[in-house]
Structure formats: C-alpha cells, structure tokens
Trainee: 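Handing you a structure now.
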Amino acid sequence: MKKTYSISKNLLQSIVIVGLLALSFISCEDQGVDLPESIDTSEFIAKLTGGSEKAWKIDQAILRNSSTVALDVNQEYTIKDDVFVISSSSNNSIDLKWERGLIFNPLAATLNEFNKDERASAIRKSLNYLGRDNAFRNSAADYYFEYDEVAEKINGTIFLSDEAKIDLVLSEKRPQDYLQAPQNLNAVSLLFTLPQTSLWAGMKYSRANNTLFVNTPTLPWVTNNFEIRTAAYNTSTEVLTTNQFLETDDHPWTNLEVINDVVYNVGGEKIQTFDTSFGVPTSEFNIDIPGPGPLALEYGSSSIDGDIYIFGGTLSTFDFSEIGVFRPGVQNTVEVLTTLPVRMPYADGEIIGDILYVFGGFQGVETGSNPNNFKYNLVTGELSAFEMPVSISFTSTAVVQNLIYVAGRRQIDTTGNGNSDTLKSYLGVYDTTTGTFTEIPLDFITDDDEHIYKVDATENFIYMGFWQNNSGTENDSFRVYAADI
C-alpha cells in the first residue's frame, strides 16, 4: 500500500506541473509576453506597420447586436472614411489608432438608426501578439485583429458593448484611396431664399435628418432686438419650413453645431438649442468666456465628442484671440486652451482626428497669401501655423472625410491706394493629407453684391449660403445654392 501511495503522489505532482505549465502558456498567449525565442514576429508585424506606421481602410463592416444578426454598414458615411493606423510598439505588440470621422449607433437595427451627425475623436489601443495565427488582442479582450498573409488583409472584431460588436475586413489605405478635392461645381441650383436677412447667418447640413438648417437675424434692426429666422430644408422632400423668434439680449452671430440630435446656435454669449424640427428654441443658456468684455461674438466653432470648441472672434472691449472649449450640459464656462498669436475675428474651422484646423479671420486689405492659419493638436496642445493662398474674412468651413471646404470674402485693392474697393468670394478645399489648397470657381455668381458666407458639404453635394447686400435694406436676402461635386 505504501508503494501504491508513492506512485499516486508522483502522478498527482506531474498533473499539477503540467497544469501550471498550461496556465503559464495561456497567460503568455493572452498577454503577448515571454514567447519562445523561435517565434519571430518582426516580419509580419512589419507588414502591419510598414516598418513604422501604416494606414488601413475598411473593406467590409458588419454590425452585430441584439437587434440585428448582421447589418452591412461599410458604405455608411459614419464609418466608411474611418482609418485604422497601426504602428510599431514593443516586442510582440502593436499600437492601434482608430481615427473615427463620426459616431454611429452600435445598437441600430436599421441603417437609418445607425448614422449620426456628431464627430468623434480617435480611439487608441495597445494590442499584444497571441502567439498564433498572426493574431493580436488588447488586455481588455474587446479588440481582436488577425492578419491574413495570403490576402494581405486584416480580419478584426471590435466589441462595442456587451450587446454589440462589429466585424471588419481591412486593407492598406493608399494615397489614392483618400477623397480627392473637386475642381468644379456642376448642376448648380438655387434651393431657397430667405428675405430681409443680414450676413450673420448659420448653416449646417444634418445627414442623419437629410435636412439643411439655416439661422439668420432679420432686418431692420432695432437697438439690440433681433428677430431670428430659422429654416429647415429637407433635401429628400424639398420642403422648406421657417419659423421666427425674438432675441433681445445678445448679438446673433450664428454658427450651428449638431450634437445628439440637438442643434446648437453658437457664436454669441447666449446659446440657443433646437430640436431637429428647428422651430423656436427649446432652451437658452449663457457661456462664460474669460476676459473683461461682457459680450462675445463672431467666433468660429467646431464640435467633437459633444464638446464645442470656439476660437477667434471679438468681445465688446477686446479680441478673443484664444482657443477654448465648453461642454454643454456639463460645463458652460469656456476653458481656454491656448492663445492664438494673431487676432482672428470671423474665423472658422474644423476638427479631423486630433487636430483643430482654424482658417481665415483676416482683417484688412489682401496683399497676398495668409500665413496665419493654425493647427491645434487637441491631445498634445501643440499649435502650428500653415499658409492659405488667399486672405479671407467672414470665414465658413465644412469637413468631409480628409477634406475641409473653406469659404469667405476677400477684400481687394484694385486701385493701389491701400483701401479695399472690391469684395470677391472665395471657395477652396484644403486636403489635410497633402496640405494643399484647391480653389473652386464660383462662375455662376454674376451679381457683384452677392457674396458667399456659409458652406457645408457631403461627398457628392455642396451647399452654399450667399448674402445679397442691398445696403442694409429690406431687399437684402440670404440665398442657398446646391451643386454636384
């Protein structure tokens, strides 16, 4: 019996040792560390990263959740321009940056429920090699990427929540895969005209609602009492709905931002919010901008992750030459992030990835290109300048994938006496991947008193708001045109 007991004990010890080794291997596999030296990951990691960093585009995207078995979403505008950037990290791991354009609804049952309007910031993850199948996974196990060496593609799964995941097929994104700047406007048409309006107009296209929102103050002005006209034009039904409300406490410079199906009218010290029916305001609140001036106006804006960034503009006693952010419903005091080196009233801008691009805001007579346009990194805080080929004020911008449309007014001296005697509309496209501008001719405008003040765009269409100036009379009008691009 003693001999039998000794054999059982040895067997038990062997089982324990084997079990511990198995657990150790599983732990190694999950964490991507302490792999056998014979496994060389450098070659296929280089295929993922291009040696340092490589961009990947979406070939296929299937949403799976409790409401749908498989919803094909790879052609939807909220996701088709997303880029996955993979870069080298430590041994047996890679860094993933998911550069999102817009948010989407992970619990959507239909394509109409999937798409949203709000811009989204990048997501960063570190993925560890699993020791098999060229596969990587992060420590939370909600990002799984596997490289197919034969197809030279990545098969990935991202768990968006306990109830939803998205399956992806990615291929390398090359320069020609990025959206190219259009050269001309085609099939230009006048959509609608709003009478008796000033140049202080806001305009934003909601793709989720197929609706173009426009907000303008009406004329004539009485002291600080402004009658604001709101307009919602449904591009599917071609129906225009207008409403009006009285604003007595604020200068109604208007920029529109759409966040969580709410339209924000920003540009002054008072912010109005509207639902997507865009009638009278559903709420109003003041933002607190640091500085001695009681009134803020004429600043540019852009939003991401529900936060609204403002920049440039003026106050009643000084120029607001900062970049700041406020968070509606959370923090209405503007947090100043950095100071711009020049004054930029009537500037505007857009956010792509981590970068806020600020354009225009030029004051004075144009003498050539304008070097004072800025990129602000929202993550690192780095501020750098870049050049535009023209100098514009009353700037308006729109973002479509990697392109930023820039519209505004040039003030030109044709006589050489140093004074502006000619106003000229400008429409250009800034390609953020190449850093180049492309000017788009506005040949369809023949009236010297009609100038572009607002712009928005999709991949296929552009919407342009022009103010026709008749010396501040009741014949002034705001005209909205559409064109194919």
Side-chain angles (χ1 to χ4, degrees), residues 185 188-205 212-222 226-233 240 242-244 247 250-256 265-268 278 297-301 312-314 345-348 359-363 366 390-398 405-412 420-428 439-457 462-483:
L185 303 178
V188 180
S189 62
L190 177 65
L191 295 183
F192 58 88
T193 299
L194 297 177
Q196 294 180 266
T197 59
S198 78
L199 56 88
W200 291 290
M203 190 175 79
K204 178 71 72 174
Y205 182 63
L212 186 66
F213 298 113
V214 178
N215 200 349
T216 62
T218 59
L219 293 174
W221 303 341
V222 181
F226 295 86
E227 194 171 24
I228 310 299
R229 177 180 287 108
T230 63
Y233 180 82
L240 175 68
T242 61
N243 288 280
Q244 291 178 242
E247 174 55 63
D250 192 20
H251 190 292
W253 177 268
T254 55
N255 283 319
L256 301 182
N265 179 47
V266 303
F278 210 55
L297 65 148
E298 299 165 356
Y299 53 80
S301 68
T314 63
Y346 313 110
D348 204 3
F359 299 86
F362 178 79
Q363 292 293 287
E366 180 180 275
V390 297
S391 302
I392 61 172
S393 185
F394 293 96
T395 314
S396 178
T397 59
Y405 288 80
V406 184
R409 188 179 74 178
R410 300 168 60 191
Q411 301 183 144
I412 301 172
S420 171
D421 55 64
T422 301
L423 301 179
K424 185 176 181 180
S425 292
Y426 172 83
L427 176 62
E439 183 171 359
I440 301 177
L442 295 171
D443 299 334
F444 69 96
I445 297 297
T446 58
D447 189 337
D448 291 339
D449 291 323
E450 192 169 1
H451 303 286
I452 192 167
Y453 279 93
K454 291 295 174 180
V455 65
D456 209 342
I462 187 170
Y463 302 97
M464 300 162 287
F466 282 76
W467 181 51
Q468 187 179 46
N469 178 13
N470 288 289
S471 302
T473 70
E474 62 181 14
N475 293 319
D476 286 9
S477 63
F478 189 79
R479 300 182 179 185
V480 178
Y481 296 86

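Note that this is a predicted model, so its numbers are computed, not measured. When a residue number appears, it is its place in the shown sequence, counting from 1.
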Trainee: Would K424 and V390 satisfy side-chain contact (heavy atoms from CB on, under 4.5 Å), going step by step from the backbone distance to the final call?
Mentor: CA-CA 11 Å; K424 185 176 181 180; V390 297; over 6 Å; no
Trainee: Quick one: list whatever passes side chain to side chain contact (heavy atoms under 4.5 Å, CB included) with L190, sequence neighbours left out.
Mentor: T193, R479, Y481
Trainee: Rounded to the nearest 0.5 Å, how far apart are CE of M203 and CZ of F478?
Mentor: 6.0 Å
Trainee: Does the side-chain contact (heavy atoms from CB on, under 4.5 Å) test come out yes or no for D456 and K454, once each step is laid out?
Mentor: CA-CA 7 Å; D456 209 342; K454 291 295 174 180; over 6 Å; no
Trainee: If you round to the nearest 0.5 Å, how far is CD of E450 from CD1 of I445?
Mentor: 4.0 Å
Trainee: Which pair of non-hydrogen atoms, one from S301 and one from V266, has the smallest distance, and what is that distance?
Mentor: OG-CG2, 3.4 Å
Trainee: Only counting residues at least two apart or in another chain, list the ones meeting side chain to side chain contact (heavy atoms under 4.5 Å, CB included) with Q411.
Mentor: R409, S420, L423
Trainee: Does the ring centre of Y233 sit less than 6.0 Å away from the ring centre of Y463?
Mentor: no
Trainee: Looking at residues at least two apart in the chain, or sitting in another chain, which of them share a side chain to side chain contact (heavy atoms under 4.5 Å, CB included) with S189?
Mentor: L191, A482
Trainee: Tell me, please, which residues at least two apart from S425 pass side chain to side chain donor-acceptor pair (under 3.5 Å).
Mentor: none
Trainee: What's the spacing between N265 CG and N215 CG if we round to 0.5 Å?
Mentor: 4.5 Å
Trainee: Can you name the closest pair of heavy atoms from A398 and A457 and give their distance?
Mentor: CB-N, 3.9 Å
Trainee: Would you check if the side chain of E366 reaches a backbone N or O of S391 as a donor-acceptor pair within less than 3.5 Å?
Mentor: yes
Trainee: Could you tell me which residues satisfy ring-ring contact (aromatic ring centres under 6.0 Å, His included) with Y405, sequence neighbours excluded, listed by chain and number?
Mentor: none
Trainee: Measuring from I228:CD1 to T230:OG1, what's the distance to the nearest 0.5 Å?
Mentor: 9.5 Å
Trainee: If you round to the nearest 0.5 Å, how far is CG of L427 from CG of L442?
Mentor: 5.0 Å
Trainee: F278: which residues meet the ring-ring contact (aromatic ring centres under 6.0 Å, His included) condition with it, sequence neighbours left out?
Mentor: F213, F274
Trainee: What are the two closest non-hydrogen atoms of V188 and A483, and how far apart are they?
Mentor: CG2-CB, 3.8 Å
Trainee: Give me the atom names and distance for the closest heavy-atom approach of G361 to T395.
Mentor: N-OG1, 3.4 Å
Trainee: Please confirm whether the backbone N or O of T397 pairs with a side-chain atom of D348, one donor and one acceptor, at under 3.5 Å?
Mentor: yes
Trainee: To the nearest 0.5 Å, what is the distance between OH on Y205 and CG on L212?
Mentor: 8.0 Å
Trainee: Identify the two heavy atoms, one from F192 and one from V214, that lie closest to each other, and give their separation to 0.1 Å.
Mentor: CZ-CG2, 3.9 Å
Trainee: Minimum heavy-atom separation for T242 to A231, with atom names?
Mentor: CG2-CB, 4.0 Å
